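These notes are about the structure you will find just below.
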Amino acid sequence: MMRQLDELKDVIEMMILDSYGLGEKSDSIVPCKTLLRVMKYSAPPSGEEVGLTAHTDKLLSAILCEDQVSGIEFETKDGQWVKLSLSHSSFLFIVGDPLMAWSNGRMHPVKHLVMMRGEKERISLGIFPVPKEGTVIKPPNELIDEEHPQILKEFYFTEFFRFFSSDEGVAIDSAKQVFAFAGIST
Ligand SMILES: O=C(O)CCC(=O)C(=O)O
Ligand SMILES: [Fe+2]
């Protein structure tokens, strides 16, 4: 399963590079290690709702696979929250803040949460590319032009990681953290 997910991650990465005409030039977006995480959510006490609060992802991206119990919800661009029920054979690809920064804002880091309402525990499996130590997140020159001026300063992934978990970072809405950290004011 791990190997298949890792291969799927590579295929998606190549599709992204190709879609921007960069497939010939490079074979990875940024150098990453792969983190595999199994997440278990216990059933909430009856009548209550618990889960994971609304956030955008801080690693490059995520590929998620829900086991039996659905619970993930996404915020649409007009602020509505929608539940997603995946079939057991599907995977979900989520753009993280660093991938949005790399794409110079072309890819949208969707805000999502996990809501647990039922009586069953929930297990999900995720594969997350983690930029390697020393990696600078910046858009390739091809993704910057007059129509698409650079929206974020280039930054070290590790410094962004430190920022969003700092007291200053946690006080900021998850979707705004990357702009607070590296936004270019015009
Ligand atoms: O458990 C899930 O399906 C989502 C987990 C998640 O959003 C995360 O780990 O960032
Ligand atoms: Fe997430």
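Numbers for residues simply follow the sequence, beginning at 1. Note that the structure is predicted; figures quoted are calculated from it, not measured. For ligands, and for the atoms within them, numbers begin at 1 and follow the listed sequence.
Using a 4.0 Å cut-off between a side-chain N of Lys or Arg and a carboxylate O of Asp or Glu, Glu142 and Lys25 qualify as a salt bridge. Salt-bridge formation is detected for the pair Asp6/Lys9: a Lys NZ or Arg NE/NH1/NH2 atom is positioned less than 4.0 Å from an Asp or Glu carboxylate oxygen. For the pair Lys120 and Glu66, the salt-bridge criterion is not met [side-chain N within less than 4.0 Å of a carboxylate O].
Contact between Glu66 and ligand 1 is absent, with no heavy atom of the residue lying under 4.0 Å from the ligand.
Remark: at the Fe ion (ligand 2), atom NE2 from His112 and atom NE2 from His55 enclose 90°, rounded to the nearest 10 degrees.
The ligand atoms of ligand 1 that sit less than 4.0 angstrom from a heavy atom of Ile72 are 3 (O), 4 (C). If you number the atoms of ligand 1 from 1 as listed, the ones under 4.0 Å from a heavy atom of Met39 come out as 5 (C), 9 (O). Shown in contact with Val114 at under 4.0 Å from a heavy atom are these atoms of ligand 1, numbered in order with element: 1 (O), 2 (C), 4 (C). In the vicinity of Ser124, heavy-atom distances shorter than 4.0 Å reach the ligand 1 atoms 1 (O), 2 (C), 3 (O). Within ligand 1, counting atoms from 1 as listed, the ones closer than 4.0 Å to a heavy atom of Leu64 are 3 (O), 4 (C). Near Tyr41, with a cut-off below 4.0 Å to any heavy atom, the atoms of ligand 1 are 1 (O), 2 (C), 4 (C), 5 (C). Counting atoms of ligand 1 from 1 in the listed order, those under 4.0 Å from a heavy atom of His112 are 7 (O).
Here the protein heavy atom with the shortest distance to atom 3 (O) of ligand 1 is Arg122 NH2, 2.7 Å. Nearest protein neighbour of atom 9 (O) of ligand 1, counting heavy atoms only, is Arg37 NH2, 2.8 Å.
None of Asp173, Thr56, Thr76, Asp57 except one satisfies the side-chain hydrogen bond (donor to acceptor under 3.5 Å, both in side chains) rule with Lys111; the exception is Asp173.
Without hydrogens or angle criteria, Arg122 side chain to Asp67 main chain gives no donor-acceptor distance under 3.5 Å.
Minimum-distance N/O/S atom of Asp57 relative to the Fe ion (ligand 2): OD1.
Note on ring orientation: taking the six-membered ring where Trp is involved, the planes of Phe74 and His112 are tilted (angle from 30° to 60°). Phe164 and Phe161 have perpendicular rings, their planes meeting at more than 60° on a 0 to 90° scale where under 30° would count as parallel.
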Requested in this report: For side chain to side chain contact (heavy atoms under 4.5 Å, CB included), just list the numbers for Glu133 and Thr158, CA-CA rounded to whole Å, side-chain angles, deciding distance to a tenth of an Å, and then say yes or no.
Outcome: CA-CA 7 Å; Glu133 184 78 36; Thr158 39; 3.8 Å; yes

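Looking at Glu73, Lys58, His55, it is His55 that brings a heavy atom closest to atom 8 (C) of ligand 1.
A distance of 5.5 Å separates OG1 in Thr34 from CD1 in Ile127, rounded to the nearest 0.5 Å.
When heavy-atom distances to ligand 1 are checked against a 4.0 Å cut-off, Leu52 comes that close only through its side chain, counted from C-beta outward.
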